[in-house]
Asks: 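Before I ask anything, let me first share the structure, which is written out below as structure tokens.
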Amino acid sequence: KKVIAISENTKRDLIEHAKLSPEQVDVVYYGVNPSFRALPKDERQARRKALFAHYKLPETAKVMFHVGTGTRYKNTPAILRA
């Protein structure tokens with residue numbers, strides 16, 4: 001049997017906890033939808049300006065985008081400190 005893991009860490013966990021052999025586990029990373037593409041610079045700047053205006057942020061503000069949960073599992077406090 002084969003198992004698909006989403007990361008090397010998940011693969012290690014499966015080997016350790018599910019007692020699978022390394023040969024049984026393949027890592028297949030998430031794909032990216034083609035709609036996530038780089039925008040032309042002028043469109044990117046216009047969207048940024050509109051977003052900052054919507055949230056009443058100064059144009060010089062630095063913004064971080066973090067995808068995850070609010071739990072400590074992904075160490076959100078460390079991301080915020082960074």
Asks: What's the spacing between Y29 OH and I6 CD1 if we round to 0.5 Å?
Replies: 10.5 Å

Asks: Among Ile, Leu, Val, Met, Phe, Trp and Tyr joined by side-chain contacts under 4.5 Å, find the other residues sharing a cluster with V32 and list them by chain and number.
Replies: F36

Asks: List the steps, then state whether side-chain contact (heavy atoms from CB on, under 4.5 Å) holds for V3 with Q24.
Replies: CA-CA 6 Å; V3 176; Q24 289 177 287; 5.5 Å; no

Asks: With a 6.0 Å cut-off (strictly less than), is the heavy-atom count around NZ of K2, excluding the residue itself, greater than 12?
Replies: yes

Asks: Which pairs of donor and acceptor atoms, one on a side chain in residues 44-51, lie under 3.5 Å apart (sequence neighbours left out)?
Replies:
| unit_1 | atom_1 | unit_2 | atom_2 | d |
| --- | --- | --- | --- | --- |
| R44 | NH1 | L39 | O | 2.9 |
| R47 | NE | E43 | OE2 | 3.4 |
| R47 | NH2 | E43 | OE2 | 3.0 |
| R48 | NH2 | A61 | O | 3.2 |

Asks: Return all side-chain donor-acceptor pairs below 3.5 angstrom for residues 9-16, not counting sequence neighbours, or 'none' if the list is empty.
Replies:
| unit_1 | atom_1 | unit_2 | atom_2 | d |
| --- | --- | --- | --- | --- |
| N9 | OD1 | R12 | NH2 | 3.2 |
| T10 | OG1 | S7 | OG | 3.0 |
| K11 | NZ | V25 | O | 3.3 |

